[in-house]
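This report refers to the structure that appears directly beneath it.
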Amino acid sequence: MALKPESRFIATVHKKLPSTIYREKTNNPFRSGMPDVYYEGSRGIAWVEYKYLAQARKHFTPALTKLQALWLQRACTHNCTVAVIVGSPEGAMVLPGITGVETQVTAEWQPIQNVVEWLTAAVS
C-alpha cells in the first residue's frame, strides 16, 4: 500500500533525524485530537502535528481540529515543546508553539533539513 503524502513527508523527516531521538507515530482512531508524533530526547519531549499541502501556497491556515488545538494547548501549559510542521512540494516550515494555528500563516518554505535541525534542538 502506497503511503499518503503526509506519511511520506513524516518518513522523510524521520530518516534524517539522529537515532538518539525516540519517535512514535501516534495515529489511533480512538484518541481524537492526539498529535501525529511524540518525540523524546535527552533535553525533553515534543508533540508535533503534521500537515501536508499538496500545492504550496503563500498564505494558508493550518487545518487543525478543535481537539488537536486543545491537545497542543494543554501540552504547552505542561511545558512540553509543541509545534505544527507543514510540508509541501516547495519545502517545509515549523510553526512552534500554538501561535498561528487558528489564523492565516504566511509561508516561508525551507528545506526539510531545517525541520530536522529544529526537532533535534528541541529534544536532544
Side-chain angles (χ1 to χ4, degrees):
M1 180 177 195
L3 290 176
K4 293 181 180 180
E6 183 177 293
S7 294
R8 279 197 311 268
F9 173 60
I10 294 170
T12 300
V13 171
H14 286 180
K15 284 179 189 174
K16 296 174 183 271
L17 282 174
S19 61
T20 55
I21 296 177
Y22 174 79
R23 68 218 55 156
E24 183 175 332
K25 195 155 188 212
T26 57
N27 184 350
N28 184 325
F30 301 107
R31 294 186 206 157
S32 296
M34 183 179 236
D36 290 320
V37 183
Y38 167 82
Y39 296 97
E40 186 176 317
S42 59
R43 290 187 63 200
I45 65 171
W47 289 98
V48 174
E49 178 62 30
Y50 280 88
K51 298 295 179 186
Y52 190 82
L53 304 175
Q55 294 182 351
R57 297 188 293 251
K58 185 65 176 165
H59 303 285
F60 64 92
T61 302
L64 293 181
T65 67
K66 287 184 180 184
L67 289 175
Q68 288 170 332
L70 286 171
W71 186 291
L72 292 175
Q73 287 171 342
R74 186 178 67 246
C76 197
T77 62
H78 293 289
N79 296 320
C80 295
T81 299
V82 299
V84 176
I85 295 178
V86 184
S88 79
E90 297 293 319
M93 61 185 293
V94 177
L95 303 173
I98 54 172
T99 305
V101 297
E102 295 178 353
T103 59
Q104 192 172 66
V105 174
T106 300
E108 294 180 22
W109 301 114
Q110 302 171 1
I112 290 175
Q113 186 60 36
N114 290 22
V115 170
V116 171
E117 291 169 6
W118 182 88
L119 275 169
T120 301
V123 299
S124 66

For W118, which residues count as a ring pair (Phe, Tyr, Trp, His ring centres under 6.0 Å) partner, sequence neighbours excluded? none
Going from CD1 on I85 to CG on L119, what distance comes out if it is rounded to the nearest 0.5 angstrom? 4.5 Å
At what distance, to the nearest 0.5 angstrom, does CZ of R23 lie from CD1 of I10? 12.0 Å
Nearest 0.5 Å, please: how far is CD in E90 from NZ in K58? 11.0 Å
Where at least one partner belongs to residues 63-96, residue pairs that pass ring-ring contact (aromatic ring centres under 6.0 Å, His included), sequence neighbours excluded: W47-W71
Given the rule that I, L, V, M, F, W and Y join up when any side-chain heavy atoms are under 4.5 Å apart, are F60 and V94 in one cluster? no
For L53 and P89 the tightest heavy-atom approach is O-CD, 3.3 Å
Test item: Y39 and T81 side chains (from C-beta on) under 4.5 Å apart, heavy atoms: no
Beyond-backbone contact of L17 with T120, side-chain heavy atoms, under 4.5 angstrom: yes
Hydrophobic clustering (ILVMFWY, side-chain heavy atoms < 4.5 Å, transitive) - are V115 and V48 grouped together? yes
hydrophobic_cluster_shared for M93 and I112, side chain cutoff 4.5 Å: no
Nearest atoms (heavy-atom pairs only) where Y50 meets H14: OH-NE2, 4.4 Å
Heavy-atom side-chain contact between S88 and R57 under 4.5 Å: no
For residues P62 and V105, report the shortest heavy-atom separation together with the two atoms involved. CD-CG2, 3.8 Å
Side chain to side chain contact (heavy atoms under 4.5 Å, CB included) assessment of Q68 paired with K51: CA-CA 12 Å; Q68 288 170 332; K51 298 295 179 186; 3.5 Å; yes
Between I45 and Y38, which heavy-atom pair has the shortest distance, and what is it? CG2-OH, 3.3 Å
Where do T26 and V37 come nearest, in terms of heavy atoms and distance? OG1-N, 3.9 Å
Student check: side-chain heavy atoms of V13 and V116 closer than 4.5 Å: yes
Under a 3.5 Å distance rule, please check whether R43 uses its side chain to pair with a backbone N or O of G41 as donor and acceptor. no
One should read off an interatomic distance between Y52 OH and K4 NZ, to the nearest 0.5 angstrom, of 14.5 Å
Taking atom CD as the centre, does E24 end up with more than 12 heavy-atom neighbours from other residues, nucleotides or ligands that are less than 6.0 angstrom away? yes
If I compare all heavy atoms of E6 with all of D36, which pair ends up nearest, and what's the gap? OE2-OD2, 3.4 Å
Measuring from atom CD of E108 to atom CG of L95, what distance do you get when rounded to the nearest 0.5 angstrom? 10.0 Å
